[in-house]
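Take a look at the structure below.
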Amino acid sequence: MEKMSDISKSELLSKLEKWFSDSSEWDREWRDNAKVCYNYYNGTQWTSEEVDALLDRGQAVTTYNHIAPSIDSIVGGERQNRPQISMVGRTKDDEQIAQVKTSLYDYIADSTNSDDELDRCMLDACVTGRGWMSIYPSMNGEEFENVVHAHIDYRDMFIDSYSKRDDLKDARYIHQAVYTDEDIVKHSFPKYDKYTASVNTSAGFSSFESSSDDEMFFDEKDRTRPRLINTWYRDEKGAMNSAVWVKGQLLYVKKQPFTMPDYPYSQVTIKRDLDNKPYGFVRSMISAQDEVNKRHSKALHYLNARQVLAEEDAFVSWDEAKKTLAKPDGITKLVDGALSGGRIQIVDNTALAATHIQMMEHAKGQVMAMAGINASYLGQSGQYESAKKAQGSISAAQNVLVPMLNKWRMFRHRIAVITMKLVPDFYTDEKLIRILEPSGEYAFMPVNAPMLMDDGTIKRMNDLTTDDVDVSIEDAPTGLNDRVEQFNQLLGIQGQTGRPIPMEILLRYSGLKDKHQLAAELEQHYAMDAQLQQAQQQVQQMQQQIEAMGGQVQQVTSQLTQSNVARAVDSEVYKVKAEIQKEKQQILGS
């Protein structure tokens, strides 16, 4: 077998077409089942044969969709408890750049609406069992714009049938196939030749395997849309390669387009069966949902229809009796003595209707149980159920969601890892990154900015071209309202101990956005307060010392004053004595 790294373009095209056909044939049954699951989620829950049978019997076609709110509650609950992603340095010197790259990742996620794209991936995974996210550099011509997170419809992705891992480390190839207007293909790939490629037109639609366009197809006779397929594959050395092609023509091949050795995709699956086919929550909810619909229809039929047992001569007119018995206010004429003689009997169907309604409620509970939630979580708990009991039942039901939430955590971790591996390749120029401050105001952070050092060398400030950080993500929540439970438990502990829990700890367990930054700023504020109090204490001590020194000065001054007074007195006494002596000598001399 010739090596993939050495084969010709024609051989590569044949290989790519074979791989694509193998992938699409392998999971065709899964795609058909995924369509059924999405139909149930969207409320299409009766087959045409079932509808015809109900109408023939005069039954109502009722659909009470409990699958959609159950799945939506999982998607919404995960969104409210989504673990935070941050970058951590590998050494102490990397702490500053780790904070910068955390802000950069937040900017990428915000500017590409990553949370909304994740919600769509989550919906695909919960319904069909598999969700996809593409992580790629967006280019405007030759100019790099941003790293983009984009959800991909599960119907447009085809994977190596031997791949069993969500991280795709065991996948030899992956295809992303999307129908694209021919003029766009020609603009992007000038070598495209519609006479060489096999294309789809409205006049002859052929699905070179299934796609997300199949359900949306309608007749546009002048619109040609070839299926553009981007295949990423590893050669025999493990090096990553990318090829863009249409059926019958190879348009582009690139060896090692990025420095990273990984696929620019992240995949998540909920569960896999023994055939390696993924499946989500809906597959196990369908049976219970069918029972809800059918029992509800049957109960209504029993309540609205009347079964009558009568002898041949019980009614004056059988035709009139059929019409009046079908009306709630109808008056039916009977033959004299028919009712008292027991020749007519109306069967009471209310007991059968009540039984169907009871079984329907049980089936409704099973629909939600298959998704790991219950009526309490949807706000449908009993009238006399306490809040504590409702919370306990919610927590017990959500235990089945823990494996899924951890898988979702690792899915987001892989997205962040791929994103940060692309950053050194494309964030090479000086740029201002918009960041959101905890106060809610926007600021701009310079990256890759040249800075003159004291020794005359030039160094980049906030250099993004180095791979010196790792991705860290919070633990997966244990339920869809995990943060609320933890926060309430902390408040309960505080009430029991009577000692206040520091505000920064409460913030870290709250559901506030940017809670970690708020907690860090609060800690800085406390530190500044402590420094201010310490400085004030030092000032007070200095004042006390000054006051003490002032007393000593006064004492010394008093002593000096007394000493000076004594000297002055002594001087005056000396002068007086000298004058007396002088006068004494004058008297004796005379």
Side-chain angles (χ1 to χ4, degrees), residues 1-27 132 134-139 141-142 144 150 152 155-163 168-201 204-213 224-265 267 418 421-422 425-426:
M1 179 179 176
E2 194 170 0
K3 296 179 180 179
M4 286 294 297
S5 57
D6 298 331
I7 62 176
S8 64
K9 290 186 176 181
S10 61
E11 291 173 325
L12 175 59
L13 178 60
S14 298
K15 190 70 172 178
L16 295 175
E17 290 182 346
K18 178 66 167 57
W19 277 347
F20 187 80
S21 295
D22 289 345
S23 296
S24 57
E25 185 63 31
W26 167 70
D27 64 2
W132 287 96
S134 173
I135 307 97
Y136 65 93
S138 174
M139 308 295 292
E142 297 296 324
F144 167 72
I152 307 176
R155 294 168 292 185
D156 294 332
M157 293 298 295
F158 300 82
I159 190 173
D160 182 0
S161 59
Y162 288 104
S163 176
L168 305 174
K169 292 185 180 299
D170 59 348
R172 183 70 187 271
Y173 55 83
I174 297 175
H175 311 278
Q176 181 181 358
V178 181
Y179 284 101
T180 310
D181 285 338
E182 190 175 56
D183 58 337
I184 297 177
V185 177
K186 283 183 178 180
H187 176 76
S188 301
F189 303 96
K191 294 182 180 179
Y192 168 76
D193 183 1
K194 67 178 181 180
Y195 298 105
T196 301
S198 299
V199 300
N200 294 330
T201 64
F205 187 84
S206 171
S207 68
F208 188 35
E209 321 312 342
S210 61
S211 80
S212 59
D213 281 8
T224 303
R225 289 169 58 82
R227 192 169 197 184
L228 200 62
I229 304 174
N230 184 196
T231 300
W232 292 76
Y233 64 93
R234 290 188 173 99
D235 61 22
E236 73 282 355
K237 301 175 185 177
M240 189 64 66
N241 298 265
S242 177
V244 180
W245 55 285
V246 294
K247 189 176 183 180
Q249 186 179 4
L250 186 64
L251 302 175
Y252 169 87
V253 179
K254 179 72 173 179
K255 294 185 176 181
Q256 296 180 321
F258 308 135
T259 56
M260 70 171 185
D262 304 316
Y263 292 104
Y265 301 99
Q267 171 197 217
I418 295 171
K421 285 183 178 180
L422 290 174
D425 287 351
F426 294 94

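No hydrogens, no waters, no symmetry mates; every other heavy atom, side chains included, goes into these values.
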Test Asp27 against Ser161 for side-chain hydrogen bond (donor to acceptor under 3.5 Å, both in side chains), laying out the working first.
CA-CA 8 Å; Asp27 64 2; Ser161 59; over 6 Å; no
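The shortest side-chain heavy-atom distance between Trp245 and Leu12 does not fall under the 4.5 Å cut-off. With a 4.5 Å cut-off on side-chain heavy atoms, Asn241 and Val253 do not count as touching. Proximity of Leu16 to Leu250: side-chain heavy atoms (C-beta onward) are separated by under 4.5 Å at one or more points. Within the 4.5 Å cutoff, no side-chain heavy atoms of Ser188 are placed close to those of Tyr252. Annotation: side chain of Phe158 is not in contact with side chain of Ile229 (no heavy-atom distance under 4.5 Å). Inter-residue side-chain proximity for Ile174 and Gln267 is flagged as unmet; no heavy-atom pair is nearer than 4.5 Å.
Residues forming a ring pair (Phe, Tyr, Trp, His ring centres under 6.0 Å) with Trp19 (at least two apart in sequence, or on another chain): Tyr173, Tyr233.
Under a 3.5 Å cut-off, the side chain of Asp156 and the backbone N or O of Val178 do not form any donor-acceptor pair. Panel note: side chain Glu17, backbone Lys247; no donor-acceptor pair is recorded below 3.5 Å. The backbone N or O of Asp193 sits less than 3.5 Å from a side-chain atom of Gln249, completing a donor-acceptor pair. In this structure a side-chain-to-backbone donor-acceptor pair under 3.5 Å is missing from Ser163 to Asp170. Remark: side-chain polar atoms of Asp235 are paired, donor with acceptor, to backbone N or O of Lys237 under 3.5 angstrom. A donor-acceptor contact shorter than 3.5 Å is absent between the side chain of Tyr265 and the backbone of Met157.
If you take OG on Ser8 and CG on Asp6, they are separated by 10.5 Å, rounding to the nearest 0.5 Å. Atoms NE2 and CG, from His175 and Asp160 in turn, are 8.0 Å apart once rounded to the nearest 0.5 Å. Summarising the geometry, atom CE belonging to Met260 is positioned 7.5 Å from atom CD1 belonging to Ile135; distances are rounded to the nearest 0.5 Å. Here the straight-line distance linking atom CZ of Phe426 with atom OH of Tyr136 works out to 12.5 Å at 0.5 Å rounding. Atoms CZ and CG, from Arg234 and Asp262 in turn, are 6.5 Å apart once rounded to the nearest 0.5 Å. Annotation: the span from Arg225 atom CZ to Arg227 atom CZ amounts to 11.0 Å, rounded to 0.5 Å.
In this structure, Ala171 and Tyr263 approach most closely via the heavy-atom pair O-OH, 2.6 Å. Considering every non-hydrogen atom in both Tyr192 and Leu251, the closest pair reads CA-CD2, 3.8 Å.
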